[in-house]
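Read through the structure below, which is laid out as structure tokens, and then see the notes.
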Number of protein chains: 2
Amino acid sequence: MSRRSALLELAILGLLHESPLHGYELRKRLNATLGAFRALSFGTLYPCLRELVTRGWIAENTETTSLPESRTAATGSGSRRARIVYELTADGKDQFQLMLSQTGPAAWEDDTFNVHFAFFARTEADVRLRILEGRRSRLEERLDSFRSSAAQRRERLDHYTTELQRHGLESAEREVRWVTELIETERSTTPATAPTPAPTTAAAVTPPDNHQAT
Amino acid sequence: MSRRSALLELAILGLLHESPLHGYELRKRLNATLGAFRALSFGTLYPCLRELVTRGWIAENTETTSLPESRTAATGSGSRRARIVYELTADGKDQFQLMLSQTGPAAWEDDTFNVHFAFFARTEADVRLRILEGRRSRLEERLDSFRSSAAQRRERLDHYTTELQRHGLESAEREVRWVTELIETERSTTPATAPTPAPTTAAAVTPPDNHQAT
DNA sequence: ACCAGATATATCGAGCCGATATATCTGGGG
DNA sequence: CCCCAGATATATCGGCTCGATATATCTGGT
């Protein structure tokens with residue numbers, strides 16, 4: 001079972017959910033729209049696309065722009081040459097929804113969170129809330145370890161390292177506030193149909209912490 | 001010519017510049033102190049250490065804590081068993097200073113900037129300023145491409161993706177302000193000379209053949 | 001005394017990144 | 001008009017990194 005970066009597979013299926021795309025354009029959107037994949041290599045993308053085809057989740061349509069011998073300068077859309085356009089299949093849509101409903105610890109880590117969040121419009125409300133709360137727990141956990149380790153070696157670091165730590169801490173605190181606002185928005189816009197047994201609002205969110213020590 | 005992640009080599013040399021360390025502790029500091037290397041694998045660290053040894057930049061001292069049959073409970077440092085302690089050599093110090101003076105485009109990218117910044121106390125003032133300005137240019141360049149692409153597809157994105165973009169944009173803007181403040185501080189505190197003092201000896205700035213100290 | 005967990009070093013396969021190759025289309029200059 | 005530079009587009013390869021795993025010692029709890 002080649003894991004093959006389930007995150008990349010999820011991102012590809014999600015982008016193809018909107019419209020069929022060819023590899024080059026897919027890579028650009030992976031870099032731009034999602035927060036991850038800053039410089040995804042074609043040596044990663046194309047093998048992944050091929051595997052998704054063999055699994056039947058996407059289909060490969062060779063774009064035979066039969067454009068005749070004329071230059072077709074009129075069409076500004078510019079179909080340049082035969083491109084391989086990938087399209088989501090029915091099985092691919094099912095798999096995408098299945099992946100979105102997975103709320104494992106992999107959903108709120110640094111790299112994965114942005115991708116999951118970008119597809120929240122197609123994610124169920126309770127899953128959205130669980131991922132946001134997991135993300136906040138993860139951030140606060142890191143904040144705690146940062147602050148405790150900072151207290152230990154007060155005067156050991158020079159000015160620049162201290163400044164680096166301070167900026168990192170501040171960024172993490174800002175993201176906590178951002179996620180908290182998102183959680184409150186989720187709670188106010190969705191009725192209280194929470195399946196979690198936490199009726200009281202003061203239940204301190206009960207984050208779905210990883211009960212499984214990896 | 002195995003480049004072997006010059007960034008990791010720089011970070012190791014920089015951390016060993018302060019005190020000799022063994023692999024396990026080195027990995028913890030790589031995760032905690034620097035911003036990069038969130039989960040560096042031992043399968044990456046140990047081969048890198050071995051190569052640094054073969055290049056003569058660090059030395060491998062098997063810590064034969066001859067600690068007698070007594071428990072040595074007094075020493076809080078706790079030498080548990082024979083550990084391999086790596087120590088920076090004179091050539092390693094030269095190499096570290098050489099790497100720090102490299103102001104290539106590799107110094108202000110996302111991953112590399114934090115590491116270079118963490119060692120600014122041992123970097124010359126003009127190099128510091130060049131790296132900070134390069135970092136700011138890089139961030140503003142990304143901000144421009146973000147904003148222009150956001151203008152193109154105004155109403156195409158859903159609420160969540162828009163929110164993700166907005167948060168990313170805001171974070172980048174905050175980092176630009178942070179870097180700008182750092183640049184102004186550099187300009188005001190270093191009128192012409194005087195590198196920032198290191199806590200120890202002042203011989204830290206480019207010694208050509210200085211083979212002693214520590 | 002025992003077991004769980006932290007400390008510490010080491011190795012291996014799967015798969016990712018960066019460089020590189022190939023080919024077509026577009027735009028600018030001589 | 002042609003050629004070159006650059007963007008578009010697909011593809012491959014080797015070196016290296018990651019995650020899992022193995023081994024061994026020390027510490028702390030019961």
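Chain identifiers are assigned alphabetically (A, B, ...) following the order of the sequence lines, protein sequences preceding nucleic acid strands; residue numbering begins at 1 within each chain. Keep in mind it's a predicted model, so treat the numbers as computed, not measured.
- The CG-C1' distance, from A/Leu7 to C/dA14, rounds to 17 Å in whole Å.
- Taking atom CG of residue A/Leu26 and atom C1' of nucleotide D/dT10, one finds them 13 Å apart after rounding to whole Å.
- Between B/His17 and B/Phe96, the angle of the ring planes lies from 30° to 60°, which puts this pair in the tilted group.
- To the nearest angstrom, P of C/dA8 lies 16 Å from CD of B/Glu60.
- Shortest non-hydrogen contact noted between B/Leu16 and B/Glu87 is CD1-N, 4.5 Å.
- Atom CG in B/Asn61 sits roughly 17 Å away from atom C1' in C/dA8 (whole-Å rounding).
- The aromatic rings of A/Tyr24 and A/Phe42 lie parallel to each other, with less than 30° between the two planes, well short of the 60° mark.
- Residue A/Arg50 is classed as a sugar-phosphate contact, given heavy-atom separations below 4.0 Å to backbone atoms only.
- Regarding B/Leu21, its CG atom lies at a distance of 16 Å from the C1' atom of C/dT9, rounded to whole Å.
- Remark on DNA chain C: of its neighbouring residues B/Pro47 and B/Lys28, the 5'-side contact belongs to B/Lys28, judged by nearest-heavy-atom nucleotide.
- OP1 and OP2 of C/dA10 both lie 4.0 Å or more from every side-chain N or O belonging to B/Arg83.
- Between B/Arg27 and C/dA6 there is no side-chain polar atom (N or O) within less than 4.0 angstrom of OP1 or OP2.
- Proximity of B/Tyr46 to the phosphate of C/dA10: no side-chain N or O atom is located under 4.0 Å from OP1 or OP2.
- Note: CD (B/Glu51) to C1' (C/dA10) measures 17 Å, nearest angstrom.
- The distance from atom CG of B/Leu10 to atom CD of B/Gln95, rounded to the nearest 0.5 Å, is 9.5 Å.
- The separation between A/Asp111 atom CG and D/dT17 atom P is 17 Å, rounded to whole Å.
- Of the possible polar contacts, one joining the B/Thr112 side chain to the B/Glu109 backbone as a donor-acceptor pair under 3.5 Å is found.
- We find that B/Glu170 and A/Arg174 are joined by a salt bridge, their nearest charged nitrogen and carboxylate oxygen being less than 4.0 Å apart.
- Distance, A/Leu45 CG to C/dC16 P: 11 Å, rounded to whole Å.
- In terms of heavy-atom proximity, B/Thr89 sits nearest to B/Ala59 at CG2-N, 3.7 Å.
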Give every pair of a protein N or O atom and an N or O atom of nucleotides 18-20 of chain C that lie under 3.5 Å apart, one pair per line with the distance.
residue, atom, partner, partner atom, Å
C/dG18, N7, A/Ser41, OG, 3.0
C/dG18, O6, A/Ser41, OG, 3.4

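- Among the nucleotides C/dC16, C/dT7, D/dC18, the one closest to any side-chain atom of B/Tyr24 is C/dT7.
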